[in-house]
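So the structure is just underneath, and the comments pick up after that.
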Amino acid sequence: MELYKTNQLKIYNSLSKSKEVFKPVLEGNVGMYVCGPTVYSNVHLGNVRTFMSFDLIFRYLKHLGYKVRYVRNITDAGHLTDDDAEDKISTKARLEKIEPMEVVQKYTVDFHTILQKLNFLPPSIEPTATGHIIEQIEIIKDILDKGMAYEINGSVYFDVLKYNETENYGILSGRNVEDTIENTRVLDGQSEKKNPQDFALWKKADESHIMRWPSPWSDGFPGWHLECSAMSTKYLGKTFDIHGGGMDLKFPHHECEIAQSKVNNHVNPVNYWMHANMLILNGQKMSKSTGNYILPNEIFTGENSILSKPFSPSATRFFMFQANYRSILDFTSTGLEASEKGYIKLMEAIQKLNKIETSSSSSIDIKVWKQKCYDAMNDDFNSPVLIAQLFEAVKFVNLLIENKETLVAEDLEEFKLTINEFVFDVLGLQDEEQEGSSDKISGVVEMLINMRKEARDNKDWALSDKIRDELAALGIQLKDGKDGTTFSVN
RNA sequence: GGCGUCGUGGCCGAGUGGCUAGGCUGGGCUCUGCAAAAGCUCCUACAGCGGUUCGAAUCCGCUCGAUGCCUCCA
């Protein structure tokens with residue numbers, strides 16, 4: 001039987017600001033849409049955090065036995081910048097003297113490379129904005145037909161005030177339109193809009209604009225928020241289960257998506273809105289535009305002044321998951337160091353699992369422990385609490401090795417299976433140490449361990465310490481236990 | 001200015017009324033030829049002020065501080 005039938009998953013819904021029991025539209029199936037990156041520069045660690053949070057969510061939903069269709073888009077059409085009315089991708093193209101789609105290609109490849117290093121599962125569908133211009137134009141036509149948008153000088157704008165007469169613009173972000181009127185800054189080039197809070201569905205392109213498509217209104221490009229409505233509806237339906245994204249997209253992006261879809265389809269597009277919180281650096285949000293960011297590759301190579309050393313992808317994943325996805329997380333080198341040590345400790349315990357011997361009785365209640373793991377994840381994907389339970393398991397492993405605790409064969413199997421499922425399938429960690437050391441190296445080290453044992457038996461401390469110290473210098477640490485010596489590669 | 005979020009022990013980070021996070025660091029003990037590893041153990045905190053309550057880190061109010069959004073942003 002599928003696990004979701006016996007596990008009550010609760011999800012924090014940004015729309016209701018509370019945890020709700022998760023009930024998908026279609027039993028056993030989940031439709032999830034996450035706003036992907038705008039591919040005009042290298043993806044930074046802050047971007048990665050959001051996608052990693054949803055990678056965890058995707059993995060756990062799958063683990064529970066749901067059939068998940070996970071759609072994560074690539075925004076390759078660019079968005080307007082506020083000062084020059086030129087979109088980001090064509091700005092970058094001019095700067096680097098290459099074609100816009102070349103920029104898109106370059107940074108899409110970078111995005112995929114980074115996520116692969118970090119052991120992300122690929123989404124089910126990864127649609128692009130430029131591949132769905134026709135769908136977007138159709139939605140604009142429909143919104144115009146329904147009288148919720150107006151055309152001026154070849155551009156089309158959504159009429160927020162009119163929409164708000166019958167619907168609630170601000171339902172997600174907690175704003176009300178009256179406040180928005182008073183507090184919207186006056187920006188240049190927006191005077192053609194009826195009201196400052198109206199947002200563009202279609203923008204007419206001026207002569208210099210490279211990325212442009214024909215439409216009934218002008219040669220131009222789609223507005224800021226339309227692509228996600230178009231693609232989520234196309235692949236997941238008018239109402240789907242989960243829509244995710246970074247906290248900074250809540251307003252206006254997601255608010256606008258709701259408005260567009262509501263007019264277009266007369267139903268609420270999303271049942272559960274999920275927002276991942278920001279990763280901060282030097283006390284401020286990581287952001288491309290302010291230059292306050294760190295790139296994943298800089299972590300893997302250690303080439304950044306704030307880092308004391310390089311850190312592996314799995315250590316980075318572990319660091320992220322030691323905080324809840326809804327909390328602000330502060331990125332520091334010392335924080336990563338602490339997580340790395342914890343991660344190594346966990347991996348070492350897993351390597352020791354097959355050395356545990358079975359017993360005629362169990363002194364640990366594995367079912368109780370296992371349930372705590374599920375309880376943690378069922379409580380809005382509480383990965384830090386899951387990790388705390390995994391450290392409980394580490395303690396168990398060490399005690400079992402020393403025969404201070406015992407397990408019968410059946411319990412031991414369940415214990416091993418549960419650890420492996422949560423560590424590798426759900427958290428998506430990898431045993432990098434194991435992969436780094438080949439069988440040949442293991443054989444050589446085992447040989448040296450045996451030689452050292454002979455030396456120790458002969459009380460030849462000079463030789464035994466020499467073997468130990470020289471191996472340590474090579475990054476191989478020997479660990480003397482009651483039942484012999486083991487080693488780990490750093 | 002408006003709409004939010006947050007303020008937990010040396011550090012990072014869970015925790016929404018009474019019971020415990022967990023990791024890292026540091027101290028002690030056990031084990032060990034020594035060391036490391038491992039185990040046990042100690043350092044027991046909730047920004048401030050007031051209120052509700054038999055009882056609050058947890059609920060309410062105010063103050064202070066931090067931060068996000070309000071313009072593209074994960």
Side-chain angles (χ1 to χ4, degrees), chain A residues 14 17 34-38 40-41 43-54 75 78-83 87-88 170 173-176 178-185 187 190 197 224 244-253 255 275-280 283-290 318-319 322-324 326-332 334-343 345-346 348-349 352 372 376 379 382-392 394-395 397-399 401-402 404 456 459-461 464-465 468-469 472 477-482 485-488:
Chain A
S14 300
K17 295 193 201 319
V34 172
C35 294
T38 304
Y40 65 92
S41 67
V43 60
H44 64 70
L45 199 67
N47 305 126
V48 167
R49 186 191 181 197
T50 295
F51 301 131
M52 197 180 279
S53 298
F54 287 101
T75 298
H79 289 303
L80 288 174
T81 52
D82 54 357
D83 50 348
D87 79 51
K88 279 193 172 177
S173 57
R175 283 155 218 265
N176 64 63
E178 290 73 26
D179 290 342
T180 316
I181 296 168
E182 289 168 17
N183 296 299
T184 301
R185 293 185 211 169
L187 298 171
Q190 297 201 351
Q197 61 274 69
W224 298 264
M247 198 71 97
D248 49 355
L249 296 183
K250 206 173 188 179
F251 188 89
H253 184 60
E255 197 70 61
H275 290 97
N277 218 323
M278 300 290 103
L279 186 66
I280 62 172
Q284 307 258 282
K285 173 189 168 187
M286 272 195 206
S287 166
K288 287 171 195 166
S289 53
T290 59
F318 200 72
F319 169 75
Q322 278 195 295
N324 188 279
R326 286 197 287 127
S327 301
I328 292 170
L329 177 61
D330 193 12
F331 180 87
T332 59
T334 50
L336 258 180
E337 281 171 41
S339 292
E340 185 187 48
K341 285 182 184 172
Y343 157 73
K345 189 170 160 183
L346 181 60
E348 286 177 354
K352 282 188 269 187
K372 285 181 185 169
D379 182 18
N382 198 332
S383 56
V385 171
L386 171 65
I387 288 173
Q389 289 307 322
L390 292 174
F391 280 115
E392 280 299 302
V394 169
K395 193 187 272 188
V397 170
N398 287 315
L399 291 171
I401 296 272
E402 292 179 20
K404 288 178 180 165
R456 294 178 74 197
K459 298 198 189 299
D460 184 353
W461 310 128
S464 79
D465 289 355
R468 181 178 71 196
D469 296 344
Q477 189 196 16
L478 299 187
K479 297 169 184 178
D480 295 327
K482 278 221 162 61
T485 303
T486 58
F487 71 98
S488 67

For [N] and [X] - does any side-chain N or O of the residue sit under 4.0 Å from the phosphate oxygens OP1/OP2?
X	N	result
N277(A)	C6(B)	no
S173(A)	G4(B)	no
K285(A)	C69(B)	yes
N398(A)	A38(B)	no
K250(A)	C3(B)	no
K395(A)	C40(B)	yes
Q389(A)	G22(B)	no
K288(A)	A74(B)	yes
K345(A)	C24(B)	yes

Who pairs with [N] - Watson-Crick or G-U, where each distance is under 3.5 Å:
N	value
U30(B)	A38(B)
U58(B)	none
C46(B)	none
G1(B)	C70(B)
C6(B)	G65(B)
U20(B)	none

For the pair K479(A) and E348(A), find out whether any cationic side-chain nitrogen is under 4.0 Å from an anionic carboxylate oxygen. yes
N/O to N/O distances under 3.5 Å, protein versus nucleotides 8-13 of chain B:
unit_1	atom_1	unit_2	atom_2	d
G13(B)	OP1	D330(A)	N	3.2
G13(B)	O2'	Q322(A)	O	3.3

Return the value, rounded to whole Å, for the distance between atom [atom1] of [X] and atom [atom2] of [N].
X	N	atom1	atom2	result
K352(A)	G39(B)	NZ	C1'	11 Å
K17(A)	U5(B)	NZ	P	6 Å
Y40(A)	C73(B)	OH	P	8 Å

For U44(B) versus G39(B), give the span between their C1' atoms, rounded off to a whole number of Å. 22 Å
Taking U32(B) as the reference, what is the distance to U20(B) when you measure between their C1' atoms (whole Å, please)? 33 Å
Taking the inter-plane angle between the rings of F318(A) and Y343(A) on a 0 to 90° scale, is it parallel (under 30°), tilted (30 to 60°) or perpendicular (over 60°)? tilted
Spell out yes or no: do the side chain of [X] and the base of [N] have one donor N/O and one acceptor N/O closer than 3.5 Å?
X	N	value
R326(A)	C6(B)	no
R468(A)	A35(B)	yes
D480(A)	A35(B)	yes

Has F391(A) got its ring stacked on G23(B), by the test of a centre gap below 5.5 Å and a plane angle below 30°? no
